[in-house]
**Student:** 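I'd like to ask you about the structure that follows.
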Amino acid sequence: MRVGMGYDVHKLVEGRKLILGGVNVPYEKGLLGHSDADVLVHAIMDALLGAAALGDIGKHFPDTDEKYKGANSIELLRHVKKLLDENQYVISNVDATVIAQRPKLATFIPDMVTTISEALGLSDNQVNIKATTEEGLGFTGSGEGISSQAICLLEEIANFQYDDRMEMRQCAGCSGCCKNS
């Protein structure tokens with residue numbers, strides 16, 4: 001089992017859409033960045049890449065590359081999932097927190113969960129998203145920016161076996177089916 005954590009922060013500015021978890025959140029400001037600046041998805045990508053020891057989003061999607069200017073972070077997340085598949089990792093779960101004084105995000109969280117879980121090929125109960133404020137403290141509390149933190153758990157495919165119905169199940173490590181036997 002491998003654990004990864006991710007963190008991202010972007011400044012709030014006028015004239016940009018606020019995209020969080022792949023969802024357009026109506027607000028008078030948006031996040032400044034080379035891509036769509038989705039801090040939630042960026043933190044999740046960094047957690048996943050870190051757990052797999054595959055670097056970070058800057059390595060895979062550098063802000064110096066015009067190809068990623070204005071990029072949809074959900075599409076980048078799909079690419080991260082493809083990298084995990086190629087390296088034979090299975091995502092067990094993702095847990096993330098968005099830190100923002102405003103806007104209130106509770107009504108948007110179910111759509112964020114669905115968008116992220118679909119991009120990663122997960123069920124909604126494998127993705128948890130929370131939102132909190134910093135009680136008016138710091139740059140997020142003053143409304144200057146939004147940050148996000150994420151953690152994930154990955155399993156190596158070698159730690160799983162298939163049953164008679166060809167359904168994957170976690171290996172107990174005692175039946176001789178994997179390297180842990």
**Student:** Using links of under 4.5 Å between side-chain heavy atoms of ILVMFWY residues, direct or through other members, which residues join Tyr7 in one cluster?
**Tutor:** Val9, Phe139
**Student:** Look at the side chain of Gln126 and the backbone N and O of Ser123, then say whether any donor-acceptor pair between them is shorter than 3.5 Å.
**Tutor:** yes
**Student:** Closest heavy-atom contact between Val41 and Gly22?
**Tutor:** CG2-N, 4.1 Å
**Student:** Is any side-chain heavy atom of Ile129 closer than 4.5 Å to a side-chain heavy atom of Leu20?
**Tutor:** no
**Student:** Does any non-hydrogen side-chain atom of His60 lie less than 4.5 Å from one of Leu83?
**Tutor:** yes
**Student:** Is the shortest side-chain heavy-atom distance between Ile91 and Lys81 below 4.5 Å?
**Tutor:** yes
**Student:** Could you state whether Tyr89 and Val127 fall into the same hydrophobic cluster, counting links through intermediate Ile, Leu, Val, Met, Phe, Trp or Tyr residues with side-chain heavy atoms under 4.5 angstrom apart?
**Tutor:** yes
**Student:** Under 4.5 Å between any side-chain heavy atoms of His42 and Ser35, yes or no?
**Tutor:** yes
**Student:** Looking only at non-hydrogen atoms, find the nearest pair between Cys152 and Ala51 and report the distance.
**Tutor:** SG-CB, 3.8 Å
**Student:** Got Leu40 and Ile116 here, is their nearest side-chain heavy-atom distance under 4.5 Å?
**Tutor:** yes
**Student:** Between Ala47 and Gly6, what is the shortest heavy-atom contact and its length?
**Tutor:** CB-N, 3.6 Å
**Student:** Got Asn93 and Asn128 here, is their nearest side-chain heavy-atom distance under 4.5 Å?
**Tutor:** no
**Student:** Side chains of Leu32 and His10: does their closest heavy-atom pair fall under 4.5 Å?
**Tutor:** no
**Student:** Looking at side-chain heavy atoms only, is the closest gap between Pro103 and Leu18 below 4.5 Å?
**Tutor:** yes
**Student:** More than 12 non-hydrogen atoms from neighbouring residues, nucleotides or ligands closer than 6.0 Å to CZ on Arg78, yes or no?
**Tutor:** yes
**Student:** Can any side-chain N or O of Arg2 pair as donor or acceptor with the backbone N or O of Leu154 at less than 3.5 Å?
**Tutor:** no
**Student:** Which heavy atom of Ala71 sits nearest to which heavy atom of Leu76, and what is that distance?
**Tutor:** CB-CD1, 4.2 Å
**Student:** Please determine, by modelled atom types, if Ser148 and Asp8 share a side-chain donor-acceptor pair under 3.5 angstrom.
**Tutor:** no
**Student:** Taking all atoms of both residues into account, what is the closest heavy-atom pair of Thr140 and Gln101, and its distance?
**Tutor:** O-CB, 3.3 Å
**Student:** Identify the heavy atoms of Asn72 and Asp36 that sit nearest to each other, and give their distance.
**Tutor:** CA-OD2, 3.5 Å
**Student:** Assess the side chains of Asp63 and His34: does a donor N or O sit below 3.5 Å from an acceptor N or O?
**Tutor:** no
